[in-house]
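Structure record follows, encoded as structure tokens.
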Amino acid sequence: MQILHAQFLPQDLCPSQIWLEYEGGGHLFTKVQNIMTHRDMAVELQVHLDQDGHPSLKLMAVAEKSAIKAIRCTWKHPMAPHLLFLGDDWCAGRGNFQWRTMDPLRLFPWYVLLRGSEETVALGVMAQCAAFAAWNVTPRGISLHLDVRNGTSGVQLAGRVLDVATILFCRYERPPMAAARRFCSLLSPEPLFPNLPVYGLITKPTGEPARDRKHLLEECDTLALACNGLTNRPFQILDAGWEDREEELSLAAGELPRRGVRPALTRRLLHDPAGRLPREWHQAAFPDCLDLSLPQVLEEMQRQVRQCADQGFELLRHVSTTEDALHGLFHTPTCAPETWAFARREKTNAELLVDFYRALRHSMGDMLLYGEDLPSTLAAGLLHLCRISRNTSQDSPFAPSLNLHRRINALAFRLCQNGTYYTLDPGPLELSPALGWKGLQCAALLFSHSSTAFFVSLHEQCPLTAKAFRELSRAFASASIGNVQAIPVDWLENTFPEQWTIDGQPLPLKWEDFPLPR
């Protein structure tokens, strides 16, 4: 069988052609050089080799008055028909990760892995780049689309040189998971990790404020008992809905540590539907959300992060940041104006998000930062933990089982980012009447032995039996130690892997009892 060969890319790494898109038109560069100009715009390419000999291609752009929207690079090279392809997702996974054969309509956000019979070729953009990047593969070659818009409008650089992206190319003669891990470590050379494994409970408000204080302490005591004797203490995350209730926040920050539990808080930082902050700080097109292009908004976000640390919380989980900033621009589009922009248009969407993550990091003190539904490559190295799967619609009668499917799928296909970008959280295991503990047993065993974050969400209508409590306690004990490596063995053939190894030892998981819609 033919395999992927070393001549996959031209020796100089330069694309065959480059398409420059700007407001009002576009231009195709068919003769690619180090510097290419069109009107008042220029694109520059620089080829580099690092100390280990890995080649990279740095792409920069500049414009005086024109507003650039995108740059597309194309490498013309025939693709072998038997290759399998895998990419990332824009943000949290939706159960759609999969090694697949050629599909010219498929986009691969951030990076793409090409698997031959014996080799893996990897192409991707370095972390914290200035563009939303997606790869596309056809039988005749491969393209990289670099979106540098501001909102849905072009970015106004006004003479500033934009470091759009650094593109990395690697070839590996090793198993695909080992190749993916190594490649992700190169894309994110300065990751940020917790100093100890992270695990615990996510506590939701009951909807009855009068009994929420009791509910909070009951779950705290359950967690403390389940983790009795463990040196690395668990976290109790107050889910969305607690953030504006000062009495409960004060109780959590003060009482939880006395009971042996580390307090954590969830905040939706960019959402301000009540208009508590000045109106001019809000996005013009989306008045419920703050405009993160404004310096005063970033300063306010930093103030809120410092306030959480001062209150005594040891972890801040910020949610819906990408949705509140970009409103489904790159996934699940919302009802948004066809054309919109931030108040300040000199930076790209990607740059604005990276600036936001950096601002939070500079203000976190000793707190851990946990992000949910974030662009993986943009956030890498700027937060400790990242949730990698998103929930399905709660209107579905199969929501609990579909959510669990998404978590397992995301864990298998994004495990290469764990310990290279940040620490992954596959998403909480949600105890529910539909699944019960029996439906979560296998997943709890896997998640707690994968060196990822491990969180559980309990349900009042589905109390833990004594046996389930003992099993949960054992899972917490394993998660508190970490330092194990999980690998999905059958991930090339199965989007819902059943064959795993933990530190090289087989861990077959049977999903026969897993209730999925037929």
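Here the structure is a predicted model, which means the values were calculated and not measured. Start at 1 with the first residue, then count along the sequence.
- Of the possible polar contacts, none joining the Ser389 side chain to the Ala92 backbone as a donor-acceptor pair under 3.5 Å is found.
- For the atom pair CH2 of Trp500 and CH2 of Trp491, the computed distance is 9.5 Å after rounding to the nearest 0.5 Å.
- Remark: the backbone N or O of Asn391 is not paired with any side-chain donor or acceptor of Asn403 at under 3.5 angstrom.
- Side-chain contact between Leu464 and Leu458 is present, with heavy atoms from C-beta onward closer than 4.5 Å.
- The salt bridge (charged side-chain N to carboxylate O under 4.0 Å, His left out) search around Arg245 returns Asp212, Glu248, not counting sequence neighbours.
- Ionic pairing of Glu430 and Arg407 is present here: one or more N-O contacts between side-chain nitrogen and carboxylate oxygen are shorter than 4.0 angstrom.
- Going from atom CG of Leu316 over to atom CG of Leu369 covers 6.0 Å, rounded to the nearest 0.5 Å.
- For Trp135 and Trp110, the gap between ring centers reaches or exceeds 6.0 Å.
- In this structure, the side chains of Ser480 and Leu230 come closer than 4.5 Å at one or more pairs of heavy atoms.
- The heavy-atom pair separating Leu84 from Thr101 by the smallest distance is CD2-CG2, 3.7 Å.
- Summarising the geometry of Ser56 relative to Thr166, their closest heavy-atom pair is CB-CG2, 3.9 Å, with the distance given to 0.1 Å.
- For His405 against Phe496, the heavy-atom pair with the smallest separation is CD2-CD1, 3.5 Å.
- Of the possible donor and acceptor atoms, none in the side chain of Ser320 sits under 3.5 Å from a partner among the backbone N and O of Glu323.
- Using a 3.5 Å distance cut-off with no hydrogens or angles, the side chains of Gln417 and Arg181 do not pair a donor with an acceptor.
- Thr222 places a side-chain N or O within donor-acceptor distance of the main-chain N or O of Glu218, the cut-off being under 3.5 Å.
- By the 4.0 Å N-to-carboxylate-O rule, Arg414 lies too far from Asp89 to be salt-bridged with it.
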side-chain contact (heavy atoms from CB on, under 4.5 Å) between Gln98 and Leu86: does it pass, once the steps are laid out?
-> CA-CA 6 Å; Gln98 182 182 14; Leu86 174 68; 5.8 Å; no
Apply the test side-chain contact (heavy atoms from CB on, under 4.5 Å) to residues Phe183 and Thr420: give CA-CA distance (whole Å), side-chain angles for both, the deciding distance (0.1 Å), then the verdict.
-> CA-CA 9 Å; Phe183 188 60; Thr420 55; over 6 Å; no
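- Side-chain contact between Leu326 and Phe132 is present, with at least one heavy-atom pair separated by less than 4.5 Å.
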Stepwise side-chain contact (heavy atoms from CB on, under 4.5 Å) check, Leu265 with Ile237 = CA-CA 5 Å; Leu265 182 62; Ile237 300 179; over 6 Å; no
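- Heavy atoms only, all atoms of each residue included: Pro508 and Gln499 are closest at CB-OE1, 3.8 Å.
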Let me check something: any side-chain donor-acceptor pairs from residues 189-204 under 3.5 Å, sequence neighbours excluded? List them with distances.
residue: Tyr199; atom: OH; partner: Asn232; partner atom: O; Å: 2.5
residue: Thr203; atom: OG1; partner: Glu219; partner atom: OE1; Å: 2.7
residue: Thr203; atom: OG1; partner: Gln236; partner atom: NE2; Å: 2.9

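- Contact record, Gly87 with Phe108: N-CD2, 3.4 Å, taken as the closest heavy-atom pair.
- Between the side chain of Thr452 and the backbone N or O of Ser448 there is no donor-acceptor pair closer than 3.5 Å.
- Taking the side chain as every heavy atom from C-beta outward, Leu368 and Leu383 never approach each other to under 4.5 Å.
- Two residues are said to be in side-chain contact when any heavy atoms from C-beta on lie closer than 4.5 Å; Leu382 and Tyr421 fail this criterion.
- In terms of modelled atom types and a separation under 3.5 Å, the side chain of Arg406 and the main chain of Arg390 share a donor-acceptor contact.
- By the 4.5 Å heavy-atom criterion applied to side chains, Asn136 and Arg106 are not counted as neighbours.
- Here the closest non-hydrogen pair linking Phe413 and Asn494 is CZ-O, 3.7 Å.
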Determine, step by step, whether Leu113 and Val121 satisfy the side-chain contact (heavy atoms from CB on, under 4.5 Å) criterion, reporting the C-alpha distance in whole Å, the side-chain angles of both residues, the deciding distance to 0.1 Å, and the verdict.
-> CA-CA 6 Å; Leu113 306 177; Val121 164; over 6 Å; no
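- Side chains of Asp88 and Ser376: a donor-acceptor N/O pair is present below 3.5 angstrom, by distance only.
- In this structure, His318 and Leu360 have side chains that are in contact, with non-hydrogen atoms separated by less than 4.5 Å.
- No donor-acceptor pair under 3.5 Å is formed between the side chain of Thr120 and the backbone N or O of Leu114.
- Salt-bridge check for Arg387 with Asp373: failed, with every basic side-chain N at 4.0 Å or more from each acidic carboxylate O.
- The closest side-chain heavy-atom distance from Tyr111 to Cys416 is below 4.5 Å.
- Between Arg213 and Glu255, no side-chain nitrogen of the basic residue sits less than 4.0 Å from a carboxylate oxygen of the acidic one, so the salt-bridge criterion is not met.
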